[in-house]
Asks: 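Below is a structure I'd like to ask you about.
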Amino acid sequence: QVQLVESGGGLVQAGDSLRLSCGTSERTSFDYSMGWFRQAPGKEREFVAGIKWRNSNTYYADSVKARFTISRDRNKKTMYLQMNSLKPEDTAVYYCAATSNSNIYPPRESGDYVTWGQGTQVTVSS
């Protein structure tokens, strides 16, 4: 089973940019979908963005569509989340996730995903 490791979180100011990375432990199947979720204190985990590993099709939550960009590098076995124009409300622990269930597309619910990383904290100060 694939393992995921996030990195790139930190403390930034409103308006700054940050790039998160999610490294996978093995060659990712072409059928995989991968995604980013976030969870703020006292709130439920919410979908941020997703990508189909095979063809790089992407999909986003409306709240981040104009500011965040998800991408992947097959050779590096890594997925990225470029976050621009960050806002204090983007503060959360960010998780990457993966699923090989191609029957659900695009997977936007946390229950659609099987494998999760440990999370990386993103804090945006005003």
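Nothing here was measured: the structure is a model prediction, and the numbers come from that model. Along the sequence shown, residues are numbered consecutively beginning with 1.
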Asks: Please answer whether the main-chain N or O of Y60 pairs with a side-chain N or O of R108 as donor and acceptor at a distance below 3.5 Å.
Replies: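 A pair under 3.5 Å: yes.
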
Asks: Which heavy-atom pair separates C22 from L4 by the least distance, and what is that distance?
Replies: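 Closest approach of C22 to L4: SG-CB, 3.9 Å.
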
Asks: What are the two closest non-hydrogen atoms of D90 and S85, and how far apart are they?
Replies: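 That closest heavy-atom pairing would be OD2-O, 4.4 Å.
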
Asks: From the options K77, R72, K76, select the one residue that forms a side-chain contact (heavy atoms from CB on, under 4.5 Å) with R74.
Replies: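 For R74, the side-chain contact (heavy atoms from CB on, under 4.5 Å) check succeeds only for R72.
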
Asks: Can you tell me how far CD1 of I70 sits from CD of Q82, rounded to the nearest 0.5 angstrom?
Replies: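 The distance works out to 12.0 Å.
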
Asks: Taking the side chain as every heavy atom from C-beta outward, state whether L20 and Y95 have any atom pair closer than 4.5 Å.
Replies: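 Side chain of L20 against side chain of Y95, heavy atoms only: no contact under 4.5 Å found.
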
Asks: Starting from the C-alpha separation in whole Å, work towards a yes-or-no answer on side-chain contact (heavy atoms from CB on, under 4.5 Å) for M83 and R67.
Replies: CA-CA 6 Å; M83 304 184 294; R67 302 183 294 122; over 6 Å; no

Asks: Going hydrophobic residue to hydrophobic residue with side-chain gaps under 4.5 angstrom, can you get from F68 over to V12?
Replies: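 In one cluster with F68: V12, yes.
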
Asks: Please give me the minimum heavy-atom distance between S126 and P88, naming the atom from each residue.
Replies: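 Closest pair (atom of S126, atom of P88, distance): CB-CG, 3.8 Å.
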
Asks: Could you tell me which non-hydrogen atom of A49 sits nearest to which non-hydrogen atom of L81, and how far apart they are?
Replies: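 Looks like CB-CD1, 4.2 Å.
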
Asks: Is there a side-chain contact (heavy atoms from CB on, under 4.5 Å) between I104 and T99? Walk through the geometry before answering.
Replies: CA-CA 9 Å; I104 301 174; T99 178; over 6 Å; no

Asks: Consider ring pair (Phe, Tyr, Trp, His ring centres under 6.0 Å). Of F47, F37, W36, which one does Y113 pass it with?
Replies: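 Answer after filtering F47, F37, W36: F37.
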
Asks: Would you confirm whether the ring centroid of Y105 sits within less than 6.0 angstrom of the ring centroid of Y59?
Replies: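 Centroid separation for Y59 and Y105: below 6.0 Å.
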
Asks: Going by heavy atoms in the side chains, are V64 and R38 under 4.5 Å from each other?
Replies: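 A side-chain contact exists here, since the closest heavy-atom pair is under 4.5 Å.
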
Asks: What is the minimum heavy-atom distance between S56 and I51, and which atoms define it?
Replies: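 S56 and I51 have their closest heavy atoms at OG-CD1, 3.5 Å.
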
Asks: For K65, which residues count as a side-chain hydrogen bond (donor to acceptor under 3.5 Å, both in side chains) partner, sequence neighbours excluded?
Replies: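 Expected list: D62.
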
Asks: Do S102 and K52 make a side-chain contact, defined as non-hydrogen atoms from C-beta onward lying under 4.5 Å apart?
Replies: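 Contact flag for S102/K52 side chains = yes.
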
Asks: Using residues 115-122 as the side-chain source, report each donor-acceptor pair under 3.5 Å to any protein atom, sequence neighbours left out, with the distance given to one decimal.
Replies:
from: T115; atom 1: OG1; to: Q1; atom 2: NE2; distance (Å): 2.9
from: Q118; atom 1: NE2; to: E6; atom 2: O; distance (Å): 3.2
from: Q118; atom 1: NE2; to: E6; atom 2: OE1; distance (Å): 3.4
from: T120; atom 1: OG1; to: G9; atom 2: N; distance (Å): 3.2
from: Q121; atom 1: NE2; to: A92; atom 2: O; distance (Å): 3.4
from: Q121; atom 1: NE2; to: T123; atom 2: OG1; distance (Å): 3.3

Asks: Please lay out, stage by stage, how T24 and M34 fare under the test side-chain contact (heavy atoms from CB on, under 4.5 Å).
Replies: CA-CA 10 Å; T24 64; M34 297 186 69; 3.8 Å; yes

Asks: Looking only at atom types and distance, does a side-chain atom of T91 sit under 3.5 Å from a main-chain N or O of V124, one as donor and one as acceptor?
Replies: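 Yes; judged by distance alone, with no hydrogens or angles, the pair exists.
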
Asks: Over all heavy atoms of both residues, which pair between M79 and G35 is shortest? Give the atoms and the distance, please.
Replies: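 Looks like CE-O, 3.5 Å.
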
